[in-house]
2 protein chains.
Amino acid sequence: MASSREPGTAPRSRPETSSGRHASGDSPAAASAGARPTSRDVARHADVSQATVSLVLGGKWEGRVSPRTAENVRSAARALGYRPNLAARSLRLGRTRTALLVVPALTHDYFARVHTGASRVAAEHDFGVVLYPSPEGTGPAVDPFGSARAALDGVIASSMAPDALAALRDGGQLPLVMLDSDPEADRSPATVNLDIADGMHQAAAHLLELGHVHIAHLAAAVDSWTFGMRARALHEAVAGTAGAVVRTERCALSVEDALRAATRILETRPRPTALVCDDDLLAAGACKAARRLGLRVPEDLSVTGFDDLSLATALEPELTTVRLPAEEVGAEGMRALLAVLDGRRARTPVLPVELVRRGSTASPPAHRT
Amino acid sequence: MASSREPGTAPRSRPETSSGRHASGDSPAAASAGARPTSRDVARHADVSQATVSLVLGGKWEGRVSPRTAENVRSAARALGYRPNLAARSLRLGRTRTALLVVPALTHDYFARVHTGASRVAAEHDFGVVLYPSPEGTGPAVDPFGSARAALDGVIASSMAPDALAALRDGGQLPLVMLDSDPEADRSPATVNLDIADGMHQAAAHLLELGHVHIAHLAAAVDSWTFGMRARALHEAVAGTAGAVVRTERCALSVEDALRAATRILETRPRPTALVCDDDLLAAGACKAARRLGLRVPEDLSVTGFDDLSLATALEPELTTVRLPAEEVGAEGMRALLAVLDGRRARTPVLPVELVRRGSTASPPAHRT
DNA sequence: CTGAAAGCGCTTACAG
DNA sequence: CTGAAAGCGCTTACAG
């Protein structure tokens, strides 16, 4: 429509200006036929140059473009429904304002919440987050770039195994922020951690206070920092209490396997009166095992979880568990990445965690009247 | 290293070839100093033109480039660790080989499985899938492009409300595939559906066979096709059986709200002997409610779920529920999108679902001896 | 069988 | 206060 004097179109005196168009049809010389409008179209409509459009829409116009012109540009953009071509911008800038969030699985809502937190902070900085559930779980992540398909400025990886870290760094020299991972790892980049040890200490202290002495640890057979730490912390805590013992049983990170492992534990004598589980999923399996053996939770057996997934309150009784501030982890991870990208030193906080006491723990049978 | 005769560098006789470099440092005129290698660098190393590199690496060389040259190019690319710049490719091609998968939430592993299926098919076609959990749940999706940050070829949206569909289409004229949605919706694009009605019929038939007559429906208070269908199908099924009645209670899609709603249902007389839940999450709430009221599942109350989330088997007893082939839904959704993108007519299958009988259903009390 | 050139849509010095 | 030009790294007709 309308006022096109077409200022931006003039010079371009190369030979094949018209035969050079090998793109999809319909544009002999002019503008927005139905294709997506470009900044040039906006410029034409506002009767300014493409540079002015870029300045105005990029928010860098003050002192350089008159307010009137700026307003013209904005309304032209609105009228045309202009949205910048991200590919072109990325190519020009060499940056994409996009981070990849690599997580081992999406079956935990823990990771969904990490994503929420990261996205929130990202949005505040006009960044985007692309979620990439690693097909290998906590294992080595296969070239996320092929799969995630976005051009990336950086990577945030949560709870991945050490090898996974290595593979990620190879796939490009991208800045990397690790979440819930070994802070001492080789060439460790920024790390955002949870005070896992304190969480386990709280759980153990709670059980010991209740009077439990025979404690079992249902440990996740996953080679990652976070689970190693859980095991160490539990043993530390119990070792400090005279007469208390821990026995460990390992199992895969699934309800089914936890059910089997918990059954093994509960069939040995003396039967533990409390089961500390590395994860709420495992605690769910433990509760199933108890029920099948005719044991009541928490009267005959106390069970604790870890993570405070939504599963924890879907069960009856609800799980006593360690709540991890998942959203905050994601948010801090994104802040750390932003800092690295800015060349600033990233904070590498250790976030506090909290034991949530619910219905799955109580004093052991012997202690009650 | 080494053999650079630098063929691709010659002409370019514009004035400010050197002052024109406003990018980040270190490249006075030559090549791969430490920055990411480009196709030009590969061309230099292989002593060919950039065009040849593109042809070879793009797999379009046969009959146009000699096998020897092709091999040279490939090894140069390998040696340099070349990976094409996706932004540049997208800009040139106008396509990104990336699809956005919009889901209402990540707390269900149903959606995680949809993603898995979609990614698998996508990978077979050198496509990527970016997952976008809509901040508004099933409600209108806010410009996913701003947030997802990828340049997109198409959108796959699962179980979204009708309004959400509209908003998505506005945000660009992208091809759209709807999953688990009203096939009759206005200007409906390709749709991949589940035979939700049949699933609910199976659940109802199972309960009726067991002898249940007083049935309650714990319905999700979510305005979407899939839940509307669940309600209609249940009423249909029960209407066909003399003497059977359904009473409906609606609640939000959470365990907590389901617990409250189920409690209301179970406190009315005559008390239903079976509770049909729209979702496994709701069924979990129903089981909690039963237990708190001193009712045993399934002896006093049968409960059925829907979806077969991992939650279904985390509970004890495990839930009788309708299993949805989530991965297959994702896979078919991606196939449909690929078809649309190819200008082919998309299949719009209705995938079969299956009732899985587990421990949460049994004959009603009156029927047992 | 291979190379030179154009152009995708942006942003940013630079020159008025 | 504004415009003309270059160039990010690709791919693809086109011309040898």
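Computed over heavy atoms, backbone and side chain alike; hydrogens, waters and symmetry mates excluded. This is a predicted model, so every value here is computed, not measured.
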- Message: Can you pull out the residues from residues 57-73 of chain B that lie within a 4.0 Å heavy-atom distance of DNA chain C?
- Response: B:G63, B:R64, B:V65, B:S66, B:T69
Name every donor-acceptor pair, under 3.5 Å, that has one atom in a side chain of residues 63-73 of chain B and the other anywhere in the protein, sequence neighbours excluded.
unit_1, atom_1, unit_2, atom_2, d
B:S66, OG, B:T69, N, 3.2
B:S66, OG, B:T69, OG1, 2.7
B:E71, OE1, B:R74, NH1, 2.5

- Task: Calculate the interatomic distance between A:R44 atom CZ and C:dC10 atom P; express it in whole Å.
- Result: 12 Å
- Item | B:A51: partners by side chain to side chain contact (heavy atoms under 4.5 Å, CB included), with sequence neighbours left out | B:S49
- Quick one: list whatever passes side chain to side chain contact (heavy atoms under 4.5 Å, CB included) with A:A87, sequence neighbours left out. A:N85, B:S90, B:L91
- Query: Are the side chain of B:S181 and the backbone of B:L179 linked by a donor-acceptor contact shorter than 3.5 Å?
  - Reply: yes
- Task: State which residues pass side chain to side chain donor-acceptor pair (under 3.5 Å) with B:R345; sequence neighbours excluded, sorted by chain then number.
- Result: none
Candidate nucleotides [options], ranked by approach to the side chain of [X] - the nearest:
{"X": "A:A88", "options": "C:dG9, C:dG3, D:dT12", "value": "C:dG9"}
{"X": "B:V48", "options": "C:dC10, C:dG9, C:dG3", "value": "C:dG3"}
{"X": "B:T38", "options": "D:dT11, D:dC10, C:dT12", "value": "D:dC10"}
{"X": "A:Q50", "options": "D:dT12, C:dC10, C:dG9", "value": "C:dC10"}
{"X": "A:R92", "options": "C:dC10, D:dT12, C:dG3", "value": "C:dC10"}

- Message: Let's test your reading of the pairing rules: Watson-Crick or G-U wobble, both distances under 3.5 Å, then write DNA chain C as a dot-bracket string with ( ), [ ], | and dots.
- Response: |||.||||||||.|||
- Message: Set out, in order, the CA-CA distance, both residues' side-chain angles and the distance that settles side chain to side chain contact (heavy atoms under 4.5 Å, CB included) for A:D153 and A:F127, then state yes or no.
- Response: CA-CA 10 Å; A:D153 283 352; A:F127 253 72; 3.9 Å; yes
